[in-house]
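Here is the structure we will look at, set down as structure tokens.
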Amino acid sequence: MAGYQPPRGTRDLLPEEAAGFDGLLAVVEARALRYGYPRIVTPVIEDRSVFIKTTGESSDIVGKEMFDVSLGGEGDLVLRPEATPAVARAFLDAGLHKTPRPQRFFAYEPMFRGQRPQKLRFRQFWQWDLECFGAEEAAVDVEIVEFTHGFLTEVGLTGYEIRINTIGDAKCRAKVRESLTAYFTPLRERLSPASQRRVDTNVLRVLDSKEAQDRAVVEGAPKILDLLCDEDRAHFSALQDGLTTLGIPFRVVPTLVRGLDYYTRTVVEFHLTDPEFEGIAVAGGGRYDGLFATMGAEDMPGTGIAGGMDVLYYALRKENVKVAEEPKPDVYIVSAQADDVVNRMQLAAGLRAKGFTVAIDYSTRALDKQLETAVKHGAKVAVIAGTPEARGGYVIVRDLQKKEQRKTRLAAVVVEVGRHVTPKAIPTLWQPPTDPDDKEPGAAGEGPYLGDPRD
RNA sequence: GCGGCUAUGGUGUAACGGCAGCACACCGGGUUGUGGACCCGUGAGUCGCAGUUCGAAACUGCGUAGCCGCCCCA
């Protein structure tokens, strides 16, 4: 065992896993773009105060899981534990609250929490995240749930359940708190120590307690829904109606509360149902109409949802969904000639320019060893140079799976390799859009207009 | 942060308190230069630091990390 290990709760993503995360990111980011949520990137470090009033001091995230990385005299810095306050901070800092509303953002970042690692719970983990600022309609709440449901379905996850609840807006919640505090205070003695504390700090979270002794008391507690004002109830029904209309299955869980202070009205969690992952959320979010006021900005509603990439990746693996293959070169260049390194590179360059993935064996080992290595690295095709047969403008293109080969002129290598493996698209920078009118029959560059054969 | 369990080559595993071994993988070589087989061979380990003991991989303490539970969440 090596002397060095990754720090507690962190891990290395080896190529296959890294490719899996990249694949999931590509899917969710493309979906976000389709919904009008462009990506925003915020720093890994934030001032601690960004999370104190927003996420809330009574939350576990702020109360005991913040990752402190302060430098002396440079403020109180933490590794960001979650996205929403950071994105809101960036939004305000750039003055985007003075731009047309609503504003939508997608984020994908590593998050950090100083917690004891557990199944699918790490100190560094990755979240994708959606935020919609400036819209109070319940339709946006529907949108983020529908988005998440669509995404999870798209990547092939089946074992999850959508749970929703409402906890009322800031005004009504004061009444809710009052009623709950009034109910729990005389029963204090019967609650667990943690819940006794919650009666003072965040009484709503008593409802969420999993402790058996608390649940008995919670059962008799007043129901949040009964305590809310009409506007909150209407908002909640609009959410439910929207989901029902879209055919999205969900369950109303009256005790679902979520541990972050900024939530108002809608709270939602996507829970895994596989017995091995029971109780683990693959995504969660809700509405936070009071967030901006809390940050000292002008009041503005907001809705967001975030999902754990790690959780999703392992849940998919558990469901036997192949997320990604370890990236391997399709083509391996080998040579029996010791002094032709430049040749091998030029050979590779020609293939790479067409999008083939090409690795080169630079060694002078025996040809059979080079081929063996090529096979072990997963190459499908070997381009063999420098043998008596393959000289003077010729190489051999060998299909390593079919064990067939053909002597090929250098000029035709790209074509010959293309008969065995498919090149990958080469990414490019932004290109000017082509005018759709140019595609009209009869336009420049197109053939003359031909009548519809059905005419 | 609290509690329980665990830690032997890269991986998987053996060894009563008494010589740390096996398999696979990896690396080199060979079968007289086209591959996964086969043959030969090399390298590589008791998580770290103390302690008990004639002697510790084994027992004890502390540390570190992993897994599980609690808290809570992605």
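By convention in this document, chain letters (A, B, ...) are assigned in the order of the sequence lines, proteins followed by strands, and residues within each chain are numbered from 1.
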Identify, with sequence neighbours excluded, every residue that meets ring pair (Phe, Tyr, Trp, His ring centres under 6.0 Å) alongside A/Tyr263.
none

Return one dot-bracket line describing RNA chain B 5' to 3' (Watson-Crick or G-U wobble pairs, both distances under 3.5 Å; ( ) same strand, [ ] crossing, | another strand, . none).
(((((((..((((....[..))))..((((.......)))).....(((((..]....))))))))))))....

Summary of protein contacts for nucleotides 63-69 of chain B, nucleotide by nucleotide, where a base hit scores B, a sugar-phosphate-only hit scores S (4.0 Å, heavy atoms)
-SSSSSB

Enclosure of A/Gln240 CD (heavy-atom neighbours >12, cutoff 6.0 Å):
yes

Check this for me, if you would: do A/Arg163 and A/Glu161 make a salt bridge, where the nitrogen-to-carboxylate-oxygen distance has to be below 4.0 angstrom?
yes

In whole Å, what separates the C1' atom of B/A44 from that of B/G36?
24 Å

Readout for nucleotides 37-44 of chain B: B = base within 4.0 Å of protein heavy atom, S = sugar-phosphate only, - = neither; 5' to 3' it is --------

Does B/A74 have OP1 or OP2 under 4.0 Å away from a side-chain N or O of A/Arg258?
yes

Between B/G28, B/A74, B/U34, which nucleotide gets closest to the side-chain atoms of A/Gln127?
B/A74

Could A/Arg398 and A/Glu404 be called an ion pair, given the rule that one side-chain N must be under 4.0 Å from one carboxylate O?
no

Output yes if the stacking criterion (under 5.5 Å between centres, under 30° between planes) is met for A/Trp126 over the base of B/A74, else no.
no

Run the side chain to side chain donor-acceptor pair (under 3.5 Å) test against A/Arg8 and tell me which residues pass, sequence neighbours left out.
none

Please work out if A/Ala283 contacts a base, only the sugar-phosphate, or nothing of the nucleic acid, heavy-atom cut-off 4.0 Å.
sugar-phosphate

Taking any heavy-atom pair under 4.0 Å as a contact, classify A/Gln405: base, sugar-phosphate, or nothing.
base

Begin from the C-alpha positions of A/Thr185 and A/Val199 and carry the test side-chain contact (heavy atoms from CB on, under 4.5 Å) through to its verdict.
CA-CA 7 Å; A/Thr185 303; A/Val199 172; 4.2 Å; yes

Between A/Asp361 and A/Lys369, is there a side-chain N and carboxylate O pair less than 4.0 Å apart?
no

Among residues 323-331 of chain A, which residues get a heavy atom nearer than 4.0 Å to RNA chain B?
none

